[in-house]
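Below is one structure, written out as structure tokens, with a few remarks after it.
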Amino acid sequence: WGQAQMGVPRVPRGSAPVTSLLSLAVTSEQIEHLHRRFKQLSQDQLTIRKENFDSIPDLEFNPIRGKIVHAFFDKRNLRQESDGLADEINFEDFLTIMSYFRPIEMNMDEEQLDRFRKEKLKFLFHMYDSDHDGKITLQEYRNVVEELLSGNPHLEKESARSIADGAMMEAASICVGQMGPDQVYEGITFEDFLKMWQGIDIETKMHVRFLNVDTIAHCY
Amino acid sequence: MFLLLPFDSLVVNLLGISITVLFTLLLVFIIVPAIFGVSFGIRKVYMKTLLKIFQWATLRIERGAKEKNHPLYKPYVNGIIAKEPTSLEEEIKEMRRSGSGKALDTPEFELSDIFYFCRKGIETIMDDEVTKRFSAEELESWNLLSRTNYNFQYISLRLTVLWGLGVLIRYCFLLPLRIALAFTGISLLVTGTTVVGYLPNGRGKDFLSKHVHLMCYRICVRALTAIITYHDRENRPRNGGICVANHTSPIDVIILASDGYYAMVGQIHGGLMGVIQRAMVKACPHVWFERSEVKDRHLVARRLTEHVQDKSKLPILIFPEGTCINNTSVMMFKKGSFEIGATVYPVAIKYDPQFGDAFWNSSKYGMVTYLLRMMTSWAIVCSVWYLPPMTRQPEEDAVQFANRVKSAIARQGGLVDLLWDGGLKREKVKDAFKEEQQKLYSKMIVGSHEDRSRS
């Protein structure tokens, strides 16, 4: 698709999986909408920084706002070879992140569906795993729970911690089964993470659908 | 004079004659009808002609674009993504049900809980309810103004010529005419009200002041070529009431005040506005506040109450949104004017954006630039609906009453009723709103946790 006339960059420089993910039924119209939104967020600059997300009032509602914004700059999500955080992202990167939320297509085969699902779950995994070591440790789990429950001023830190600990033990029992008394559960790896999401059709829920827009003349 | 060449004196004579003719026409066709409140119907004919031209122009664009195989796009009005209508509770319950089935009767934190917030966050990043409301509504057909046409592309010769002709007419003919009228209107207002101010208080003074105000507002209406349709005029505000309306631009005041008698409320400004305000208050009581007094809510409320309780004073005109919105929606009404306890007369104002965009984006344009833009548009066409009066019921508080009035206005004007605070244009979300979602979620988790630890 590379619609050069709209100033959208052509095929991203990433590897083959990127192209296949993005080339599935994202129309040029939708890309144009996203491009307009990008320009609005970046205030007509070529890149977006973390501060630009402050201009979205609705996002203040969200308890895990920090993690969501962080996810946009996470190099693992941007499919870059290096690790860590990017300072700013361009439109191509913006589209890459948005592509994790595309709805499934009717004509996908088993293998494509499976890969699609893994991609989406990987995005969620990266949200939990903030130190990028490939494991969700107890501390990281606690962080997420605390953020989600942070809106309640009456909740003591201790309660939040005990909730997180309880949930972590539950996770350990699913993944590793019965542990010995001196066995230490290091953390949830991605494979374990996948196991926990079994049965939940994440690929049918983790998407944002575009409304159908008709086309008429516009002096553009 | 005899030193000038005959040619020069001829030019000067011609100039003199044409200016005289222009002003006579002005007087006869515009100012005199304004004084007496009659209308020749010239503006309606003008509007119909313009509409026909716009339709033709749009057809030409469509045809031109089809010939060249350009992609055609319709600007979105309701947002670009379909937002899921399910609530927090429903979604989390569903996720848990489909996941580990055993978690059904003992709800606690699950890994999948993060998912709802994650998706909502991405939805708002893609498309935001609030920021859309603050830029000018996008049009479906082109109205021959290049300002509504962000990337003007040459489509056809005829259209460009038409557009050029439009520019000529608007800037060289309409603009000077309108400026002359506005000048006349304002100076008449200032001198008229000052003169009336010298009269002794009584019915004569009231009568004269009302009519001086009315006449000058009518002249200003013609200065903007505003074509206004009033509906349900039997519901017009009466003395001792408060008139509330949705706010799109400073012109709203002129539009409403040219059809009724109102007392204005506002802050005293410096400069020309200040002169006008001080003159107006000599003729009849308006409620003007000093800058320092505006912050004191009790003082404001007290003065408004005093004004409203005096039945001989005119109804107050207030815009409770506090700022200009782009006329596609109505934002949160500030509750101050609804606490006073007077009868509220709601008014809905809806502008037709086809002829000129009346929205004042105060962060983008200053007042003078805005007025110039208004005076170089084709016309300002709007509809005004007077809604039946409302009073506060005993079981509702000021905020609920304000929301009730707001819904009535939004419904009548065909605007979207939003809960958002118009002040968001400049400020950030108040912390109290932020915590609603977080509280709801934590209540769900902690409530169940406490139940379990107790058992």
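Residue numbers start from 1 in every chain, and the chains themselves are labelled A, B, ... in the order their sequence lines are given, proteins ahead of strands.
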_Gap separating the CZ atom of A:F72 from the CD1 atom of B:I122, nearest 0.5 angstrom_ =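 Output value for this atom pair is 4.0 Å.
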*First locate atom SG of B:C118, then atom NZ of A:K120, and finally report the distance between them rounded to the nearest 0.5 Å.*
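The distance works out to 10.5 Å.
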*Would you say A:K75 has more than 12 foreign heavy atoms packed within less than 6.0 Å of its NZ?*
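Check passes, neighbour count above 12.
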*Can you name the salt bridge (charged side-chain N to carboxylate O under 4.0 Å, His left out) partners of A:D133, sequence neighbours left out?*
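Salt bridge (charged side-chain N to carboxylate O under 4.0 Å, His left out) list for A:D133, sorted by chain: empty.
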*Considering non-hydrogen atoms only, spot the tightest contact between B:I125 and A:M98 and give its length.*
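Looks like CG2-CE, 4.0 Å.
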*Would you name the heavy atoms of B:G121 and A:I68 that are closest together and state the gap between them?*
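Reported closest heavy-atom pair: CA-CD1, 3.7 Å.
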Name every donor-acceptor pair, under 3.5 Å, that has one atom in a side chain of residues 44-51 of chain A and the other anywhere in the protein, sequence neighbours excluded.
from, atom 1, to, atom 2, distance (Å)
A:T47, OG1, A:E88, OE1, 3.2
A:R49, NH1, A:E88, OE1, 2.5

